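To start, the structure under review is shown below, and the notes come after it.
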Amino acid sequence: MFHQILLQIFQKLNKERTISAAYHVLRGKRSGQTIQDIGLFQLHQYFGLLPKLSRTTFDEAVNLFMQNSWLNVQESGHFYMETLGLQRAQQTPTFFFDGWHYRGNEHVFFARLSLIVQSLSHQAAAVRTFSPISRDTMIQAWVRTFLQAHHYKEGHLQQQLLTECNHVLTILPVSDASKQLVLYRLSGYQLPGWTWQQLADERKETVLDSQLAFIETLHILLNEVHQKIDDYPLLGHVAEGLKVKILLTDSAKQTAQLYEQGYSMEQIVQMRKLKQSTIEDHFVELAMYEPNFSIGPFVSYDEAQKVWQASKQYQTKKLKILHEALNDMSYFQLRLVLAKGEV
Amino acid sequence: MELEQLLHKHFGYSSFRPGQKEVIEALLQEQDVIALLPTGMGKSLCYQLPAYTLEKPVLIVSPLLSLMQDQVEELKRFGEKRVVALNSFLSLTEKRYVLHFLEQYRFIFTSPEMLLQQQVQEKLAQMKLGLIVVDEAHCISQWGFDFRPDYLRIGDWLSRENRPPILALSATATKKVVRDIRETLSLKAPFEFMYNVDRPNIHLGRVVVEDKADKARWLMHHVTETAGPGILYVSSRKRAQQYSEALLQEGVRVAAYHAGYGVEDRQFIQQQFIAGELDWIVATNAFGMGINKLDIRQVIHESMPANIANYMQEIGRAGRDGHSALAILLYAEGDEELAKFVVTGDLPTLHHVDRYQELLSQQIQPIQMLKNGELSETAFRVLDYWLQRESSEQVKVRLNHLALEKYNAVNEMLQIIQTKDCIREHLVGYFGQKLQKKPENCCENCGIHYDVIKKVRLKEKKKVEMATWESRLQQLLMGN
Ligand SMILES: [Zn+2]
């Protein structure tokens, strides 16, 4: 899975960036360059999947790709994908990560859930004391509040949580093996969890791949819970505050609010007493980070198509070259199309 | 109330374990105490119980955050609410709150680092403490592997007037370390208690093999043929991984255990081991900190322990239920060289001293060395502490001395391995005690009838199979 993900990222960054850019995306580096790359190359789902990924592990994969003639890396770190690599990338399955919205918070969700399940499991067995699986005092305090809020002492919480978990897992479009993986990272009274190594051995894959499958399952589960929050009063509560609201600068947020209220770009320029170019930057930001923002009012579909064709033809996302090729379009329009990404 | 009654009331035990009562009585008479008790022998009860008669807070200084957390959890399990860990995990607001109400807690756990902070010292100076406990006191010793410079600094703080009695606790300590503890903490004629180091139900085996390959053959055969539960100690994470993989291939229910694993994984392995889902654990010396499994039947050392104290601590995890257990130490000629390499691998070298000074002269913070990964954290701590106090030349002498001490400790261990006399007598004598009586099947040199002790491994023990997600979920929440 790790290799497949890397192939997909390299494919999207092909010829445009150094291999390190992919590393930064997976580690979730919060630098302007990486954040821009996310929007420009549509890498949202991979952002911050592996905050602790070591450079050694990453480089090992890159070396393997080079040996396999999938990738050609130059001295400077810039790279291009060989035909074989592109073919391989084409063969990879579609993943359903949502790194952009969770950024490692799926682990907070799971730490909460683990401690809740552990507590309820011991309560069901009438065992009052146990060593908490999470040592994090923030998690412990959070779980204590959760248990009290849901009146765990009455003894019905187990059944309620069971019903919700059963429901969500039944409809979740992932394999049974993935659901099993998640369940075996939980533990309870006389029910130890399994280590990553044990799970990876069982699944006949690397530890990293098991961990990625786990993260993907949690992302899918969290999105399901967020979409139908009314169906999941308990899990919705556990997931509370963990989905990252789209990251816009404060100034761009104000512009976005005015735009939502129906003001035109020109009106916003006047109202906010800012330069046209500044407001344009805000719209590019919106195009990049706000999936529901449509660039339709500024660029026609045909024009967008043309930009993508040119981008493919010249193998670039460099504005200057594209502007020369499509001189009837403004820089602003080009930036919007690139920021929104290919549809 | 009698001490026994208190013991029953607060902890539910009906009698004391060896040493506990003596230690507690000395403390209640306001005498300083050095208590050497192994992990799992009720070390912490020595300060937990007095807290209930003192009516004044007990301050426990503990160098390891994880251990501190363990002890806090343990007290909470006994229903104690007035317990707090004052450490760097607290947010500023939490810390302010805790400090403000500090005198209302019965147990205050803290780290040496915290104790050096001015506001903490000021607060404590205003309070009347009932007892000060220095846990893992061997970390004070400048010769120890776990040396914590901050512990030396708290020595000054502890030497103030009108302090309550001090209890220094340690699981392992040589005479030298005990002397260091006494001097650094300025203890006044302390009562010293040391547990009886002899464990008569542990039979001390030793197997001499030709070389590494021979050792591997012996181990694979032994572990696949004899019964656990057992711990196999190895010298590196890599080797732990290799052995556990090889043994898994042979169908042994085994897992590797070392500090490279995450917290959850380590807990899972411990729980599986305790639950009997695993028969063997292949561990580096990171294993055993918090484990409480009584029926461990075998402890095998694939490589030489760094010193006798470590060896005793590690084999001491066997046979806590009092039944026969087997400790086997494997030895191939030259093993001591590897052991010496390992024990000094963590020390700063003379080169590091020069590098430190070089950085200073370039006005770069020496901590950069640590950030670059040029040396380990322990090594940097030792280096930094001494170079702030002494010249490069003095520190170099010190480091050489430190390395020699560690070599000596390995050599002492080697003598135990090479002796032709009773191994048990040697070990016990090393701790300044006299062996009362040799048990049957005492040691390799006195003679062990392995057939009597070893049990044949039951091969039908199957690996635990994974349940479907539905039934796992059901089991976790509903228990069936
Ligand atoms: Zn003997």
Side-chain angles (χ1 to χ4, degrees), chain A residues 52 110-111 114 116-118 120-138 140-141 157-163 165-166 169-170 172 175-199 201-203 207 211, chain B residues 65-66 68-70 72-79 84-85 87 89-91 94 240-241 244-245 248-249 253-257 260-278 290 292 463-480:
Chain A
K52 289 181 191 151
F110 198 73
S114 298
I116 292 169
V117 168
Q118 194 194 16
L120 292 178
S121 171
H122 281 82
Q123 191 200 17
V127 176
R128 292 189 52 176
T129 61
F130 58 91
S131 172
I133 186 76
S134 177
R135 290 290 169 87
D136 186 330
T137 47
M138 298 270 282
Q140 292 184 1
L157 197 49
Q158 283 86 349
Q159 184 59 56
Q160 289 162 3
L161 188 60
L162 178 69
T163 310
C165 288
N166 260 327
L169 286 170
T170 305
L172 219 57
S175 67
D176 278 349
S178 296
K179 297 172 189 174
Q180 217 175 18
L181 174 66
V182 172
L183 262 305
Y184 272 84
R185 288 301 294 175
L186 293 170
S187 60
Y189 175 64
Q190 290 187 341
L191 289 167
W194 283 26
T195 67
W196 286 117
Q197 186 66 56
Q198 290 170 330
L199 288 164
D201 287 349
E202 183 77 19
R203 294 163 59 91
V207 163
Q211 289 170 337
Chain B
L65 285 176
S66 59
M68 194 189 296
Q69 208 56 40
D70 278 342
V72 171
E73 303 294 348
E74 188 188 351
L75 278 165
K76 285 187 178 166
R77 278 205 294 275
F78 282 118
V84 69
N87 59 33
F89 284 149
L90 297 181
S91 69
E94 287 173 315
Q241 213 69 43
S244 79
E245 276 165 29
L248 267 178
Q249 289 283 319
R253 306 187 308 166
V254 58
Y257 184 99
Y261 284 118
V263 192
E264 294 89 7
D265 275 4
R266 276 188 271 170
Q267 284 200 55
F268 290 162
I269 294 172
Q270 293 207 9
Q271 289 167 359
Q272 290 174 9
F273 193 43
I274 290 170
E277 292 179 11
L278 290 174
N292 192 16
K463 201 180 134 247
V464 180
E465 296 288 339
M466 262 187 156
T468 62
W469 68 263
E470 290 97 336
S471 62
R472 171 91 180 166
L473 186 60
Q474 176 82 21
Q475 281 175 358
L476 280 168
L477 285 168
M478 310 306 289
N480 53 42

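Chain letters run A, B, ... following the sequence lines, proteins first and then strands; every chain starts at 1. Values in this document were obtained by computation on a predicted structure and should not be read as measured data.
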Report the option among [options] that has the most heavy-atom pairs separated by less than 4.5 Å from atoms of chain B.
options: A/Leu186, A/Leu181, A/Leu120, A/Leu157; answer: A/Leu186
options: A/Gly188, A/Ala111, A/Ser121; answer: A/Ser121
options: A/Thr170, A/Val182, A/Asp201; answer: A/Thr170

Of the backbone (N, CA, C, O) and the side chain (C-beta and beyond), which part of B/Ala85 lies under 4.5 Å from a heavy atom of chain A, both, or neither?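 Neither part; nothing is under 4.5 Å.
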With a 4.5 angstrom heavy-atom cut-off, could you sort out which part of B/Gln474 is near chain A: side chain, backbone, both or neither?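 Both parts, backbone and side chain.
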Does A/Tyr184 use its side chain to pair, donor to acceptor, with the backbone of B/Trp469 at less than 3.5 Å?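 Such a contact is absent between A/Tyr184 side chain and B/Trp469 backbone.
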Would you say A/Asp176's side chain and B/Thr468's backbone share a donor-acceptor pair under 3.5 angstrom?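 Side chain of A/Asp176 to backbone of B/Thr468, a donor-acceptor pair under 3.5 Å: no, none is there.
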So A/Gln197 and B/Leu248, do their side chains get closer than 4.5 Å, heavy atoms only? no
With a 4.5 Å heavy-atom cut-off, do A/Gln190 and B/Ile274 have their side chains touching? no
Return the CD to OG distance between B/Glu74 and A/Ser131, rounded to the nearest 0.5 Å.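 With rounding to 0.5 Å, CD (B/Glu74) is 10.5 Å from OG (A/Ser131).
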What distance separates A/Gln198 CD from B/Met466 CE, expressed to the nearest 0.5 Å?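 It is 9.5 Å, given to the nearest 0.5 Å.
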Closest heavy-atom contact between [X] and [Y]?
X: A/Gln180; Y: B/Ala467; answer: NE2-O, 2.8 Å
X: B/Phe268; Y: A/Ile133; answer: CE2-CD1, 3.6 Å
X: B/Asp265; Y: A/Thr195; answer: OD1-CA, 3.3 Å
X: A/Gln158; Y: B/Leu477; answer: CG-O, 3.1 Å

Chain A interface, residue from B/Glu245, B/Gln475, B/Gln271, B/Arg472 that has the most non-hydrogen pairs under 4.5 Å: B/Arg472
For chain A, find which of B/Lys76, B/Glu73, B/Gln272 contributes the most heavy-atom pairs closer than 4.5 angstrom. B/Gln272
For the CE atom on B/Met478, are there more than 12 heavy atoms of other groups (residues, nucleotides or ligands in this structure) within a distance under 6.0 Å?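 Correct, the count exceeds 12.
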Residue part contacting chain B, namely of [X], when any heavy atom lies under 4.5 Å:
X: A/Gln159; result: both
X: A/Gln140; result: side chain
X: A/Leu169; result: both
X: A/Leu199; result: side chain

